[in-house]
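As structure tokens, the structure follows; a few thoughts come after it.
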Amino acid sequence: MPLHILDHPLAAHIVTHLRDKTTKPATFRTLTYQISRLLAIEATAELDTAAREIATPLERMTGRVLAPTSFVVVPILRAGLGMVQPFTDIFPDVSVGYVGLERDHTTAVARSYYCKLPPPAGRHVFVVDPMLATGGSAVQALAVVKENGAVDPTLVCIVSAPEGVAEVEKHHPGTVIHTAALDRELNAKKYILPGLGDFGDRLYGT
Ligand code: PRP
Ligand code: URA
């Protein structure tokens, strides 16, 4: 299965502090930036590069630079917004689209309330959302970006539940998922265990 779990001591350190319920929103936002930056680097490992002739202070050589085609990052609002800046900081030519989805507190079914996507124009799409719980939001978002022309979009999450991974695989087989942690299970209210609670609430202090 194309599931990539970030295996790095710094990732484990950051996720543990994100999980800690005493972590306040300001620190939570910084940690979100840091883990998303690691994930952004990991998830883009397959980006195309092109040869570039340069001269070092000592001799000429052929190096490699990113190919001119940029890519698209699509956060699932609202919590996914916290994962965008690392992508735009590292990759200056990235475009950003938005998909707004909100889970109903009783049914945990996601409702769509916003969508603004750039034309894909052959560019790879990365859908970013910190939490993959039932998978309902990710499945909807992946469907929306595919309807808009994205081919084989990648999903990037911070904490995932096995149920969500299975749901994405069921509806979008072969989707590459990058996550910083794969947790145990969902509870009766469809929250991830051990998880970190409601990501959006902790990110924005609501
Ligand atoms: C959270 C999270 C995901 C979704 C995951 O968003 O950011 O989008 O839940 O759950 P699922 O896999 O069961 O769909 P939420 O709906 O709470 O909205 P928010 O980002 O506005 O807080
Ligand atoms: N959304 C969250 O923010 N947290 C969960 O545990 C599940 C869905």
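Values below: every heavy atom of this structure, side chains too, minus hydrogens, waters and symmetry copies. For ligands, and for the atoms within them, numbers begin at 1 and follow the listed sequence.
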Could you tell me whether the side chains of His178 and Thr154 share a donor-acceptor contact shorter than 3.5 Å?
no
Using the side chain to side chain contact (heavy atoms under 4.5 Å, CB included) rule, pick out the option among Val96, Asp129, Leu117 that qualifies with Val74.
Leu117
Paired with Val128, the side chain to side chain contact (heavy atoms under 4.5 Å, CB included) test is passed by just one of Pro75, Ser36, Cys157, namely Pro75
Any side-chain heavy atom of [X] sitting closer than 4.5 Å to one from [Y]?
X: His171; Y: Leu142; answer: no
X: Val159; Y: Leu132; answer: no
X: Asp89; Y: Tyr33; answer: yes

Closest protein heavy atom to [atom], given as residue, atom name and distance to 0.1 Å:
atom: atom 2 (C) of ligand 1; result: Asp129 OD1, 3.5 Å
atom: atom 14 (O) of ligand 1; result: Ser137 OG, 2.6 Å
atom: atom 17 (O) of ligand 1; result: Asp198 OD2, 4.0 Å
atom: atom 18 (O) of ligand 1; result: Leu101 O, 4.0 Å

Between ligand 1 and [X], is the shortest N or O to N or O distance under 3.5 Å?
X: Pro130; answer: no
X: Ile76; answer: no
X: Thr134; answer: yes

Hey, which atoms in ligand 1 end up nearer than 4.0 Å to a heavy atom of [X]?
X: Ala79; result: 7 (O), 20 (O)
X: Met131; result: 2 (C), 3 (C), 5 (C)
X: Glu102; result: 16 (O)

Reported [atom1]-to-[atom2] distance for the pair [X] and [Y], which is rounded to 0.5 angstrom:
X: Leu38; Y: Ile158; atom1: CG; atom2: CD1; answer: 10.0 Å
X: Leu66; Y: Phe91; atom1: CG; atom2: CZ; answer: 6.0 Å
X: Glu46; Y: Thr44; atom1: CD; atom2: OG1; answer: 9.5 Å

Would the number of heavy atoms belonging to other residues, nucleotides or ligands and lying under 6.0 Å from CD of Glu53 be above 12?
yes
Would a 4.0 Å cut-off, counted as strictly less than, catch a protein heavy atom around atom 6 (O) of ligand 1?
no
Residue pairs involving residues 16-26 (criterion side-chain hydrogen bond (donor to acceptor under 3.5 Å, both in side chains); sequence neighbours excluded)
Arg19-Asp183, Asp20-Thr22
Check each protein residue for a heavy atom under 4.0 Å from ligand 2 and list those that pass, ordered by chain and number.
Arg103, Met131, Ala133, Lys190, Tyr191, Ile192, Gly197, Asp198, Phe199
Whether the side chain of His172 engages the backbone of Val139 through a donor-acceptor N/O pair (distance < 3.5 Å, no angle test) should be reported.
yes
Ala110 near ligand 1, heavy-atom distance under 4.0 Å?
no
Could a heavy atom of Lys190 be found less than 4.0 Å from some atom of ligand 1?
no
Do the side chains of Asp201 and Arg78 get close enough for a salt bridge, i.e. N-O under 4.0 angstrom?
yes
Evaluating non-hydrogen atoms only, which member of Arg78, Arg103, Gln140, His105 is closest to atom 15 (P) of ligand 1?
Arg103
